[in-house]
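What follows is a set of notes on a single structure, which appears directly below.
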Amino acid sequence: MPEGPTILLMKEDLQKFAGKKVIDVFGDANFEKEPLKGEILREIKTFGKQTYLVFDEFAVRIHLLMFGSYIVDEHLQSEKNLRLGLQFKTGGMYFYTCNVKLVDLEFLSKIDWEADVMSDDWNTKTAEEKLESNPKMMVCDALMDQDIFSGVGNIIKNEALFRIGVQPESLVGNLPPKKVKELIAEARNYSFDFLKWKSQSVLKKHWQVYSKNACPICGQKLIQKNTGLGKRSSFYCEKDQKLY
DNA sequence: GCGAATGTTTCCCG
DNA sequence: CCGGGAAACATTCG
C-alpha cells in the first residue's frame, strides 16, 4: 500500500496523539509492550516509508511493507494481524500486517534524514554524489534504493522515469549531467504530486504509465518487464523513453 | 480461483 | 565473504 507520500498522510492522521499518554497497548508485535504504558508520545517522525513513534527512552519503528494498514480511533473489530495498538484517552492508533520494532533513540540519530525525498532536509547534492559513486547501477534500481531516494516506491519510479524520458534499464553513469539533475528533481517532484493526488483520492487517475497499456504520448503499447537487480516491474515506452 | 502487487528481511547456495 | 536467488510475511484487487 504505501510509498513515502502515503506515510506522510498517515503521520497527519496520527499527529493528534502527539503529546498524549499511552494508557493501554495491544498487538502481537515481537517485543515487550508493557513499558509503553504510561509513556507520553513525544513526537512522530517519518523517514521514507518508515514511521517512528518517539517516546522519552525509545522509539517504535513501523514499516507497513506491502500490505500494511492502520486505523485511527475506531474500536477494534478483530485482533487479526494487529501488530500494535496504542490506546490513548482520546482514541487510539492501530497498525496491522506490518513490521514493528523497538529501537533506541541513538538509532534515530544515525538516520540520514537528508535522503528522504519528502523531507525539507532533502539534499540534492548528496543524492547527486551517491549516484556518481554508482555509475554501473541501473536507474530503476537507483530510484528504488532507500539509501539514496528514501520513500520512493515502484509507482514513483515508473512515473518519474516516464516524465524525464529515460528507459528504466539505463545506467546511471551513462546519463548526461542534465538528466541526472532531472532524475533527482523528478523523484522529489513526482512524490509531492503523488501526495497531493493521494490526499484527494485521485492518484490512479493521474498514472501515465504505471499499470497502463499505452503510451500517453505516442499511443504505442507500453513494455512491462521486471528490471534491474531488484526485478521490480517497470512500465515504459520504447519510443519515448531513451536507453542511455 | 489465480496471479500479481505501492516492500523488506533473511536464509541458502555457489 | 560476496552476490544472486528464493523464500518468507500476508492482503487485496483484477
Side-chain angles (χ1 to χ4, degrees), chain A residues 1-13 27-31 46-52 60-71 76-85 94-103 107 111-112 115-118 134-138 140-163 168-169 171 186-214 222-236:
Chain A
M1 168 165 221
E3 294 188 27
T6 308
I7 299 306
L8 217 52
L9 294 173
M10 174 168 90
K11 181 187 169 181
E12 283 178 24
D13 287 337
D28 62 8
N30 192 22
F31 58 83
T46 62
F47 174 66
K49 301 163 190 171
Q50 307 160 32
T51 304
Y52 292 93
V60 177
R61 175 190 187 270
I62 297 165
H63 199 305
L64 297 185
L65 299 171
M66 195 81 98
F67 309 124
S69 61
Y70 71 98
I71 53 175
L76 305 193
Q77 305 300 320
S78 140
E79 301 255 316
K80 190 161 178 275
N81 291 313
L82 177 67
R83 298 283 176 264
L84 185 70
Y94 304 90
F95 304 94
Y96 299 86
T97 325
C98 55
N99 181 272
V100 185
K101 262 187 359 192
L102 219 51
V103 300
F107 186 94
I111 291 176
D112 177 16
D116 183 347
V117 294
M118 303 300 294
N134 287 290
K136 299 247 167 80
M137 209 179 203
M138 288 184 187
C140 56
D141 286 327
L143 277 171
M144 296 293 277
D145 188 323
Q146 300 299 297
D147 292 330
I148 307 176
F149 296 104
S150 184
V152 169
N154 210 28
I155 297 173
I156 297 170
K157 176 195 85 181
N158 278 292
E159 296 294 324
L161 286 175
F162 174 74
R163 282 184 169 186
E169 289 165 311
L171 298 187
E186 211 49 59
R188 179 169 162 87
N189 202 19
Y190 185 84
S191 294
F192 280 96
D193 282 340
F194 185 125
L195 176 70
K196 177 180 68 191
W197 291 328
K198 178 80 182 175
S199 69
Q200 300 164 354
S201 303
V202 292
L203 179 65
K204 288 187 189 183
K205 201 172 83 181
H206 290 275
W207 286 344
Q208 307 238 59
V209 290
Y210 181 78
S211 86
K212 309 294 276 188
N213 289 313
L222 294 173
I223 310 287
Q224 178 184 8
K225 69 182 276 204
N226 292 340
T227 57
L229 295 177
K231 304 251 190 302
R232 297 297 300 277
S233 194
S234 286
F235 297 81
Y236 63 92

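Chain A is the first sequence line, chain B the second, and so forth, proteins listed ahead of strands; every chain is numbered from 1. What you see is a predicted model; the values in this text were computed from it and never measured.
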(request) Mind calculating the distance between NZ (A:Lys101) and P (B:dT8) to the nearest angstrom? (result) 13 Å
(message) Check the phosphate of B:dA5 against A:Arg232, side-chain N and O only, distance under 4.0 Å to OP1 or OP2. Yes or no?
(response) no
(request) Indicate, with a heavy-atom threshold strictly under 4.0 Å, whether A:Ser211 touches base, sugar-phosphate, or nothing. (result) nothing
(request) Among A:Cys140, A:Ser233, A:Ser234, find the one that has a side-chain contact (heavy atoms from CB on, under 4.5 Å) with A:Asn226. (result) A:Ser233
(request) Using whole Å, report how far OH of A:Tyr210 lies from C1' of B:dA5. (result) 6 Å
(request) Round to a whole Å and report the spacing from CG of A:Leu65 to C1' of B:dT6. (result) 12 Å
(message) Whether A:Gln146 contacts B:dG7 is assessed here as follows: a side-chain N or O lying under 4.0 Å from the phosphate OP1 or OP2. Is that the case?
(response) no
(request) For B:dT8, take OP1 and OP2 only and decide whether either is under 4.0 Å from a side-chain N or O of A:Asn99. (result) no
(message) Could you tell me how far apart A:Phe47 (CZ) and B:dT8 (P) are, to the nearest whole angstrom?
(response) 11 Å
(request) Mind calculating the distance between CG (A:Leu82) and C1' (C:dC9) to the nearest angstrom? (result) 16 Å
(message) Whole angstroms only, please: what is the CE-C1' distance between A:Met66 and C:dA7?
(response) 14 Å
(message) Work out how far the P atom of B:dA5 is from that of C:dA6, and round it to whole angstrom.
(response) 16 Å
(message) Please confirm whether the shortest side-chain N or O distance from A:Thr97 to OP1 or OP2 of C:dC9 is below 4.0 Å.
(response) no
(message) If the cut-off is 4.0 Å, is A:Lys49 near the phosphate of B:dT6, judged by side-chain N/O to OP1 or OP2?
(response) no
(request) For A:Asn154 and B:dA4, give me the distance from atom CG to atom C1', rounded to whole Å. (result) 12 Å
(request) Please check if the side chain of A:Gln146 supplies one atom and the backbone of A:Met144 the other of a donor-acceptor pair under 3.5 Å. (result) yes
(request) Look at the side chain of A:Asp141 and the backbone N and O of A:Leu229, then say whether any donor-acceptor pair between them is shorter than 3.5 Å. (result) yes
(request) Kindly express the pairing pattern of DNA chain C in dot-bracket notation, using | wherever a base pairs with another strand and counting only Watson-Crick or G-U pairs under 3.5 Å. (result) .||||||||.||||
(message) Taking the C1' atom in each of C:dG4 and B:dT6, what is the distance between them to the nearest angstrom?
(response) 25 Å
(message) In terms of relative ring orientation, are A:Phe107 and A:Tyr52 parallel, tilted or perpendicular, with 30° and 60° separating the classes?
(response) tilted
(request) Start with the C-alpha gap between A:Glu3 and A:Lys198, add the side-chain angles, then the distance that decides, and say whether salt bridge (Lys or Arg N to Asp or Glu O under 4.0 Å) holds. (result) CA-CA 11 Å; A:Glu3 294 188 27; A:Lys198 178 80 182 175; over 6 Å; no
(message) As an exercise, state the distance from SG of A:Cys98 to CD1 of A:Ile62, rounded to the nearest 0.5 Å.
(response) 6.0 Å
(message) Taking the P atom in each of C:dC9 and B:dG1, what is the distance between them to the nearest angstrom?
(response) 22 Å
(request) Specify the residue among A:Leu229 and A:Lys204 whose closest nucleotide of DNA chain C lies further upstream toward the 5′ end. (result) A:Leu229
(request) Measure the spacing between CE of A:Met10 and OG1 of A:Thr6 and express it to the nearest 0.5 Å. (result) 9.5 Å
(message) What contact category does A:Gln224 fall into here, base, sugar-phosphate, or nothing, at under 4.0 angstrom with non-hydrogen atoms?
(response) sugar-phosphate
(request) Could you grab the distance from atom CG of A:Asn154 to atom CZ of A:Phe235, nearest 0.5 Å is fine? (result) 8.0 Å
(request) Take atom CG of A:Asn226 and atom P of B:dA5, then tell me their distance rounded to the nearest Å. (result) 7 Å
